[in-house]
Amino acid sequence: MFIKSYCHIKNNAILLNGELIFKGQQEHSFKEFIKLAYKDLETDYSKFFKMDNLSKLAFLGADVLLKQENVEPENEENIALVFSNNASSLDTDRKYQKSIEDNNNFYPSPAVFVYTLPNICMGEISIKHKLYSENSFFIFENFNPEYLYAYSEGLIKENKAEKVLCGWVNVDKEEYTAFLYLVTKEKGIMPHTIKEINSRF
Amino acid sequence: MHKIYLSHNNIISSYGFDSKSAVENIKDEVTSLRLVKDKSLMPDPFFTSLINKEKLDKEFKNLSSKSSYTTLEKMMLLSLSKIISKSNITITERTGLIVSTTKGNIDALELNSPHKKEKAYLSELSKVIQAYFGFVKEPIVLSNACVSGVLATSIAKRLIAQDVFDNVFIVSGDLVTKFIISGFNSFQALSNEPCRPYSKNRSGINIGEVAASILVTKDQENLALEAVEILGDGTANDANHISGPSRTGEGLVRSVNSALKEANITASEIDYISAHGTATIFNDEMEAIAFDRLKMNKTPLNSLKGYFGHTLGASGLLETIVGMHSMQQNTLFASLGFDEIGVSKTINIIKNSAPEDLNIFLKTASGFGGCNTAAIFKKVID
């Protein structure tokens, strides 16, 4: 199998197949950066603004890749999502925890609570791109391509998915990283191997 | 390709610390849900199923005298220790570990927690379990909302099929915490009585806590009496809404069809459905629509939420284990709390425990994020 294309979002920049497609300013916070990137990339999806940071990051990374691959909601494709990270949804968990800490200042919100699950970001991507496919979210201490490799190969071999959008999306305090890649049977820019995945991370 | 089995299993619940105590009570239609008054969890009394922490501490002393373990870690270690010893497996680099949880040690974020805030990282939880038993390879934590417990069995199966492992242990668990209770309450999803899945008078969900674990293996030797073969599985997203169930049951229908196709059987060959049935208005209606589309209207079906409440990341595995015992005993277990049908399509709710020849069952689960998972299991020992 092959890696068809890949995308990085880190250090306030977005790269597609290793080439810079958007650069924010170094001093920008994640929130400012991702909003500017959303505009610059002409994303046009108003639900973006209600998402939490992890969903914004994963959503934009997936959007860049799927646009490049001409994935249209009208032509249904079976693309599984297999994401991983270290901090799960802790960025939003901490925010939610603050809202329930003090009984005299108790304001739990369902709009925040729903994002206290890491797989919600895959739900957001599935809604936008009409992907009725498998979603799995794994947590590792560090990026662990061995499992991602075996699992996506398995999904394609067992005909559970035609392609797999795979990778790492992590948001923790002000730190964030996204590295997503599309695994396919058709010829891509590099073979799908643990070594290649690791070298692009 | 090798056949892959679910075998030795354990349930740590308020019924007791083994699968047997839970299964016997379920057979007798006895709930573990109680009205609990605990202002540290919720200002008003609420129905839940809580593990007796004194009993847990007492039993855990047989494993370790160290005091640094969290409640969830004790539950998970105790559960897993029981099946590792029963299975007689020596842990090597060919033995995997999957930890299925939605929130892990989320209570470590509380102001008065005796534990460090870092404990809230899910990889910290899996590291504790890895270290205790000496697993060689890094564990996988699966956090995929309420389908995690069933999906974990699919993932174990796939990793064995891909020859990454020969055996995979799954341990699942979530706690009843202020975090979870206040969240579901903010959705106005909590019921003020023991829940009534699929009923006309259902009024929402109860949340409960368990730890459950299982061995997934390709080895036919030393299987548990209630072992099952995984015939097929499927996971599909509704691509519709992040918190609201689909109006058409699309993802659930697709996940069941994917599992049936892999199992190479028709829907009519399923003897029993262990469904999700949270007892919220929209979830139960969505499931009824899906089972109607699948023409499974006559297949006996239950939800086990009336016994334990919704146990989140553990629920799918917990209910799979109970389903295995149900088949082994050739007994359909009652869908506790059911009164009168309250969904728009015909489904065959099991009203009382009853003997029935059972060979194949379907387990389904649905969760936030629009995810749905189905798995089909076949009895091994008749």
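- Counting non-hydrogen atoms of neighbouring residues, nucleotides and ligands closer than 6.0 angstrom, the CD atom of B:Gln188 reaches no more than 12 such neighbours.
- Considering every non-hydrogen atom in both B:Ala161 and A:Glu158, the closest pair reads CB-OE2, 4.0 Å.
- Taking every heavy atom of both residues into account, A:Tyr96 and B:Ser182 meet most closely at OH-OG, 2.7 Å.
- Within the 4.5 angstrom heavy-atom criterion, atoms from both the backbone and the side chain of B:Asn144 approach chain A.
- Open room surrounds CD on A:Glu175; 12 or fewer heavy atoms of other groups in view lie less than 6.0 Å from it.
- Heavy atoms closer than 4.5 Å to chain B are found in the side chain of A:Lys50, but not in its backbone.
- Shown here are the salt bridge (Lys or Arg N to Asp or Glu O under 4.0 Å) partners of A:Lys157, two or more places apart in sequence or in another chain: A:Glu153.
- The most heavy-atom pairs under 4.5 Å with chain A, out of B:Ser123, B:Ser148, B:Gly183, come from B:Gly183.
- Using a 4.5 Å cut-off between non-hydrogen atoms, the part of residues 112-120 of chain B that approaches chain A consists of B:Ala120.
- Within the 4.5 Å cutoff, no side-chain heavy atoms of B:Tyr121 are placed close to those of A:Ile139.
- In this structure, A:Tyr151 and B:Leu151 approach most closely via the heavy-atom pair OH-CD1, 4.4 Å.
- Heavy-atom pairs under 4.5 Å with chain A were tallied for B:Gly369, B:Gly104, B:Ala236, B:Ala239; the largest tally goes to B:Ala239.
- When heavy atoms are compared at a cutoff of 4.5 Å, B:Ile155 approaches chain A by way of both its backbone and its side chain.
- Here the closest heavy-atom approach between residue B:Glu138 and residue A:Glu141 is recorded as OE2-N, 2.9 Å.
- Heavy atoms from other residues, nucleotides or ligands lying under 6.0 Å from CZ of B:Phe282 number 12 at most.
- Here the CD atom belonging to A:Gln97 is positioned 9.0 Å from the CG atom belonging to B:Asp107, to the nearest 0.5 angstrom.
- Counting heavy-atom pairs closer than 4.5 Å to chain A, the top residue among B:Leu111, B:Leu122, B:Ile140 is B:Ile140.
- Going from atom OH of A:Tyr147 over to atom NZ of B:Lys137 covers 6.0 Å, rounded to the nearest 0.5 Å.
- When all heavy atoms of A:Leu155 and B:Arg158 are compared, the pair lying nearest together is CD2-NH1, 3.3 Å.
- Looking at B:Pro139, the atoms closer than 4.5 Å to chain A (heavy atoms on both sides) all sit in the backbone: N, CA, C or O.
- Identified by a heavy-atom distance below 4.5 Å to chain B, the contributing residues of residues 104-138 of chain A are A:Phe106, A:Pro108, A:Ser109, A:Pro110, A:Phe113, A:Val114, A:Tyr115, A:Thr116, A:Leu117, A:Pro118, A:Asn119, A:Ile120, A:Met122, A:Gly123, A:Glu124, A:Ser126, A:Ile127, A:Lys130, A:Leu131, A:Tyr132, A:Ser133, A:Glu134, A:Asn135, A:Ser136, A:Phe137, A:Phe138, in residue-number order.
- In the displayed structure, A:Asn103 atom CG is contacted under 6.0 Å by more than 12 heavy atoms of other residues, nucleotides or ligands.
- Heavy-atom neighbours of chain B within the stretch residues 70-94 of chain A, taken at a separation under 4.5 angstrom, comprise A:Glu76, A:Asn86, A:Ala87, A:Ser88, A:Ser89, A:Leu90, A:Asp93, A:Arg94.
- For chain A, the option among B:Gly370, B:Ser154, B:Ser143 with the highest count of heavy-atom pairs below 4.5 Å is B:Ser143.
- Of all the heavy atoms in A:Glu101 and B:Lys178, the pair that sits closest is O-NZ, 4.1 Å.
- The candidate from B:Ser126, B:Ser258, B:Ser243 with the greatest count of non-hydrogen atom pairs under 4.5 Å with chain A is B:Ser258.
- Comparing B:Lys127, B:Glu250, B:Lys261 by how many heavy-atom pairs each has under 4.5 Å with chain A, the most go to B:Lys127.
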